[in-house]
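Quick caveat, the model's predicted, so the values are computed rather than measured. Values below: all heavy atoms of this structure, side chains included; hydrogens, waters and symmetry mates excluded.
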Amino acid sequence: MSHKPTTALVQYLEDKANEIRILSIECTNASKSGHPTSCMSAAEIFSVLFFNEMRYDNDYPKHPSSDRFILSKGHAAPGLYSAWCAAGLFDKEKLLTLRKIDSDLEGHPTPRLNFIDAATGSLGQGLSVAAGMAYIGKHIEHASYRTYCLIGDGESAEGSIWEALSFASHYKLDNLVAIFDINRLGQSEAAPLEHDMDVYRKRVEAFGFHTMVVDGHSVEEILKALEEAKSVKNKPCALICKTYKGHGSSDVADKLDFHGKALNSLSDKILAEIKGKMHGAEEQPRPKINDDAPQIVDKPVAFKSALEYEQGKMIATRVAYGDALVKLGEASDKVVVLDADTKNSTYALKFKNAAIPNLVYFYPSDAVSACRAVELAANYKNMTFIRTSRPATPVIYANDETFEIGKAKIVKESAEDKVLVIGAGITLDSAMKAHSSLQGKGTNIRVMDPFTIKPLDKEAVLKHAKECGGRVVTVEDHYPEGGIGEAVAAVLSNADFITKHKTLAVREIPRSGPPAVLLDMFGISANKVEDAVMDLIE
């Protein structure tokens, strides 16, 4: 492409940007949730990338030679989905299933989708993923595909972004383009630097990037910057795009209080305004894939040579771990080892909260206990972790209730209790609802709120389990590994009475959906607690 784009191309890309805005608004309206204004700020960026810059194949979105795109600001997923919809990967009917319980178009991108390489729900992670992809492309596969990463200004405060910038410049990743969407507004207030583009530029330049400040709503400027990026050698590039959250609508552009909200009642006016800017431009050609990346071979990797350890010989498992890596490398050229500079002292250990000495793991279940957890954490001399829950739950404690580290609360109790049910956060609410339902059917259960998972109130667990005939149900919105169930099971293993224990936990990769539906889908709702209780009694 020449440095001066044609009027036809500019108008086409402007139309596609506005189409992405329209689709983002419509799909978030359909789901009654999402981040349309965060998508609107990046619409021109999406448009230029998907309809002029990137090489990809709708029939094979994960083609080995396709350009890579990572949406680090994952909450703008409706914009990404809208871009793919506008590009013809799927139809609008599917787009409008956004966030439905049976839809893979979730609130943040996940690899369930055939066009997503990495999940980016947690902000600050995307550039690290993109840098890794660019490293493989340049130094391992020696392929011509390029990697693009769209980053929000709020998440640019994350240290992981700057670590990734440092990595990318150190390895001279000239096939990587980091695109910062500087739309000025965060979730509840302006981002720290607002639109101080010069500070952003200087900081990114200091990390070794060829850095360009552009008007993020000018397709001409974005086109020119991306063209310039392709000519830069031995250093990565960054576009610092000045944008406005909600751009395209005079009602919401650059205004607070619209983050994470469907536009609903404002939509008719906003959509009419955006549609009024459409040119009706003719479709323009996109670049073709340069098929030069190695083909993906999906087959097991097995050692080519037998192990040769002598029985009875003393060998550290970390040494064996290193031996195994060598054997894997001999068996496959696809093996890449990340050692974090511990190659001379590597341990293959799972990292769990329980493995951190003196850590206190708070799991409050209502507003009062959450406040008390923060208070206790502020006065605790070692590391603490407080896990809070997104859904609203009833306040169950008086404001002057006293809490202690390592001391559980019994929130429902009677002399006729048949089963001890232990839950925390949203699952304590499930336990409370199960208590009410079962009580109406003539069955009493005792409900415990552990408050802290580490240390767990072992004495309380044993005491109340014994009083309930040794029958215990634990329920948690967590994988079973390293959770409440395992902690309680460890305590019960030392009981001097017979115990029966059922663990209700999340046993599949979660997905987006209404909280009540998800609780039931993953087996941790009040109904599932009731079922577990009756199974133990029967």
Heavy-atom side-chain proximity of Lys245 to Lys255 below 4.5 angstrom | no

For Tyr56 and Trp84, what are the C-alpha separation, side-chain angles and deciding distance, and is it a ring pair (Phe, Tyr, Trp, His ring centres under 6.0 Å)?
-> CA-CA 11 Å; Tyr56 60 91; Trp84 278 109; 5.0 Å; yes

Minimal non-hydrogen separation, Gly423 against Ser365, with atom names = O-OG, 4.5 Å

Polar side-chain atom of Ser437 near backbone of Lys433 as donor-acceptor pair, under 3.5 Å | no

CG of Asp257: more than 12 outside heavy atoms within 6.0 angstrom?
-> no

Indicate yes or no: at least one non-hydrogen side-chain atom of Ile161 is less than 4.5 angstrom from one of Ile151.
-> yes

Determine whether Val506 and Pro510 make a side-chain contact, defined as any pair of heavy atoms from C-beta on separated by less than 4.5 Å.
-> yes

Value for CG (Asp457) from CG (Leu462), rounded to nearest 0.5 Å, stands at 9.5 Å

Output the distance between atom CG (Leu438) and atom CD (Glu530), rounded to the nearest 0.5 Å.
-> 4.0 Å

In terms of heavy-atom contacts, Thr147 and Ala130 come closest through CG2-O, 3.6 Å

From Val252, Ile25, Leu271, residue fulfilling side chain to side chain contact (heavy atoms under 4.5 Å, CB included) relative to Leu266 | Val252

side-chain contact (heavy atoms from CB on, under 4.5 Å) between Arg387 and Asp477, worked out | CA-CA 11 Å; Arg387 185 179 185 190; Asp477 61 332; 3.9 Å; yes

Does Ala516 offer a backbone N or O that forms a donor-acceptor pair with the side chain of Asp520 under 3.5 Å?
-> no

What are the two closest non-hydrogen atoms of Ile426 and Ser389, and how far apart are they?
-> N-OG, 3.7 Å

Separation between CZ (Arg184) and CG (Asp153), nearest 0.5 Å, reads 10.0 Å

Can Lys269 and Asp251 be counted as an ion pair, charged N to O under 4.0 angstrom?
-> yes

d(Thr443 OG1, Lys418 NZ) to nearest 0.5 Å is 8.0 Å

For residues Cys27 and Pro78, report the shortest heavy-atom separation together with the two atoms involved.
-> SG-CB, 3.8 Å

Take Phe451 and Tyr363 through the test ring pair (Phe, Tyr, Trp, His ring centres under 6.0 Å) and record every step on the way to the result.
-> CA-CA 5 Å; Phe451 184 55; Tyr363 200 165; over 10 Å; no

Looking only at non-hydrogen atoms, find the nearest pair between Val368 and Ala398 and report the distance.
-> CG1-O, 3.4 Å

Are the side chain of Arg21 and the backbone of His247 linked by a donor-acceptor contact shorter than 3.5 Å?
-> yes

Should Asp366 and Pro394 count as side-chain neighbours, where that means a heavy-atom distance under 4.5 Å?
-> no

If we ignore angles and hydrogens, is there a donor and acceptor under 3.5 Å between the side chains of Asp181 and Ser41?
-> yes

May I ask you to decide whether Asp449 forms a salt bridge with Lys409, counting only side-chain N to carboxylate O separations under 4.0 Å?
-> no

Establish, from distance only, whether the side-chain atoms of Ser128 and Glu163 form a donor-acceptor pair under 3.5 Å.
-> no

Can the ring centroids of Tyr397 and Phe403 be said to lie less than 6.0 angstrom from one another?
-> yes

Candidates Lys466, His501, Glu467, Met448 - the one meeting side chain to side chain contact (heavy atoms under 4.5 Å, CB included) with Leu420 | Met448

Could you label the plane-to-plane angle of the His259 and His35 rings as parallel, tilted or perpendicular, counting under 30° as parallel and over 60° as perpendicular?
-> perpendicular

Pairwise side-chain contact, Leu504 with Val473, heavy-atom cut-off 4.5 Å (strictly under) = yes

Under 3.5 Å, is there a donor-acceptor pair between the side chain of Arg471 and the main chain of Ile537?
-> no

Is it true that a side-chain atom of Asp417 and a backbone atom of Cys468 form a donor plus acceptor pair closer than 3.5 Å?
-> no

Answer yes or no: is there a donor N or O on one side and an acceptor on the other, between the side chain of Ser249 and the main chain of Gly246, under 3.5 Å?
-> no

Do side-chain atoms of Lys528 reach the backbone of Phe522 as a donor and acceptor pair under 3.5 angstrom?
-> no

Can you check whether Lys412's main-chain N or O pairs, donor with acceptor, with Arg446's side chain at less than 3.5 Å?
-> no

Side chains of Ile484 and His478 in contact at under 4.5 Å (non-hydrogen atoms) | no

If you round to the nearest 0.5 Å, how far is CZ of Arg507 from OH of Tyr479?
-> 12.0 Å

Around Asn399, counting heavy atoms of other residues, nucleotides and ligands shown, do more than 12 lie under 6.0 Å from its CG?
-> no

Chi angles and distances behind the side-chain contact (heavy atoms from CB on, under 4.5 Å) call for Glu106, Arg112 | CA-CA 9 Å; Glu106 301 189 59; Arg112 281 196 183 98; 2.4 Å; yes

Minimal heavy-atom distance between Ser160 and Gly124, with the atoms involved, is OG-O, 2.6 Å

Between Val472 and Ile422, is a side-chain contact (heavy atoms from CB on, under 4.5 Å) present by the stated rule, with each step listed?
-> CA-CA 8 Å; Val472 180; Ile422 304 173; 4.1 Å; yes

Close side-chain approach of Leu98 to Ser103, heavy-atom, < 4.5 Å = no

Less than 6.0 Å separating the ring centroids of Phe69 and Phe50?
-> yes

Taking only Lys NZ, Arg NE, NH1 and NH2, and the carboxylate oxygens of Asp or Glu, determine whether Glu459 and Lys463 approach each other closer than 4.0 Å.
-> no

Counting only heavy atoms not in Ile410, do more than 12 fall under 6.0 Å of its CD1?
-> yes

Does any non-hydrogen side-chain atom of Tyr148 lie less than 4.5 Å from one of Leu150?
-> no

Is there a donor-acceptor pair closer than 3.5 Å between any side-chain N or O of Thr452 and the backbone N or O of Gly406?
-> yes

Between Glu273 and Ser250, does a side-chain contact (heavy atoms from CB on, under 4.5 Å) hold up when you go through it step by step?
-> CA-CA 8 Å; Glu273 182 179 354; Ser250 55; 3.3 Å; yes

With no hydrogens and no angle check, is any side-chain donor or acceptor of Ser72 less than 3.5 Å from a backbone partner on Gly126?
-> yes

From Cys149 SG over to Phe180 CZ, what is the distance, rounded to the nearest 0.5 angstrom?
-> 8.0 Å

Does the pair Glu44 and Lys16 meet the rule for a salt bridge (charged side-chain N to carboxylate O under 4.0 Å, His left out), with working shown?
-> CA-CA 8 Å; Glu44 280 77 15; Lys16 285 300 179 183; over 6 Å; no

Would you check if there is a donor-acceptor pair between the side chains of Ser267 and Asn264 at a distance under 3.5 Å?
-> no

